[in-house]
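Working notes, structure below.
Since we're looking at a predicted model, the values are computed, not measured. First the proteins, then the strands, lettered A, B, ... as listed; each starts at 1.
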2 protein chains.
Amino acid sequence: MNKNTQAPEDFELESFLPYRLSLLSNTLSEGIAVAYRKPFDLSVTEWRVIAVLGRFPGLTASEIRLRTAMDKVAISRAVKRLQARGLVERSEHREDRRRAHLKLSASRGRNLFRRIVPRALEYENRLLSKLAPEDQHLLLRLVSKLQQAADSLKSPEG
Amino acid sequence: MNKNTQAPEDFELESFLPYRLSLLSNTLSEGIAVAYRKPFDLSVTEWRVIAVLGRFPGLTASEIRLRTAMDKVAISRAVKRLQARGLVERSEHREDRRRAHLKLSASRGRNLFRRIVPRALEYENRLLSKLAPEDQHLLLRLVSKLQQAADSLKSPEG
DNA sequence: TGATTTTAGTTACAAATGTAACTATAAGTA
DNA sequence: TACTTATAGTTACATTTGTAACTAAAATCA
């Protein structure tokens, strides 16, 4: 399935799937940065927090973590900064004072969200439009499959 | 091609391609780390330098950069550490004293290379073996296509 | 040839990220 | 209830990574 045989001397990094996906992911990352980092001064983590809260207002930090596989420290930092910028608000949790519900602020936060999402989607669309429609579906299906496969290898005896 | 419409409120990060590829790439990264980071104390960049020099002995740092899209500072640091550990050797460039040819040391360096490559390939194989053979080909083809697409969007008016 | 610009690679500093320890609260248990 | 353990989230520190400035050598050019 790629040029690599089992002979070490023939190993080609360029054909190695983890390397290629890492490259691709970095390229896309740079690409969408144009949608949020440059114009709105947001880090990747901050954008993800905004994206998740835009869709699911009132989540706690832990719930964001469950949804995004981001680190809890990273989330804490992102929320702190977003709050300081008046983009995110926190409110008390009724029966647990350790937690806090988070949501985009009605004006600045949600406004930002509404401006970023179309840009992000536009980038994704421009990208996918370079593939034939059937390839677009295939790609997403295979990415899902591969993610499953990779996850299963993490647990003992995948 | 995914669940995202143009309505911001419906945006689902989980369906957003750049996000999914970033997740996938991170999962694979952790996965192959078992092949080189834990057992041999190598960073991703260090492993890449070793991989490239294993295949193409005598490259200069700039040539490594051209082949791998890694940053020149990152390469410089990786080479420095690998050299200190006796894994990489440098030799003078005949007609340009700014450059240096790099290669794995005959014993320790090449030895390491020969031990890592099978582990890396084994991980890749285990991963790909979870996909049907025709899906394996498809995946690699689509990754290539998408990389091309992403690259073309970087230059003015892709 | 001498002056200027480019290139290879390194060093120094700043910013981002990861890891561990910590605080506060809640839950479990005896 | 008192005591122990677990959880949510933060803070502090170490490590990694990125950016800019720098050094040395080579190439260009007048």
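Inspection of the B:Arg85 and B:Ser105 side chains reveals no N or O donor paired with an N or O acceptor under 3.5 Å. If you check the side chains of A:Lys154 and B:Thr27, you find no donor sitting under 3.5 Å from an acceptor.
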- Note on the structure: With sugar-phosphate taken as primed atoms, P, OP1 and OP2 and all else as base, the protein-contact string of nucleotides 7-21 of chain C at under 4.0 Å (heavy atoms; B, S, -) is BSBBBB----BBBB-

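What separates CZ of B:Arg97 from C1' of D:dA27 is a distance of 15 Å, to the nearest Å. With rounding to whole Å, A:Arg94 atom CZ is found 18 Å from C:dA26 atom C1'. Rounded to whole Å, the distance from CD on B:Glu95 to C1' on D:dA25 is 13 Å.
Annotation: cation-pi geometry satisfied between B:Arg67 and B:Phe56 (NZ/CZ under 6.0 angstrom from ring centroid, within 45° of ring axis).
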- Message: Between A:Asp10 and B:Arg55, does the salt bridge (charged side-chain N to carboxylate O under 4.0 Å, His left out) criterion hold? Intermediate values first, please.
- Response: CA-CA 6 Å; A:Asp10 293 341; B:Arg55 181 69 205 272; 5.0 Å; no

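Around the CZ atom of B:Arg81, the shell of radius 6.0 Å holds more than 12 heavy atoms that belong to other residues, nucleotides or ligands.
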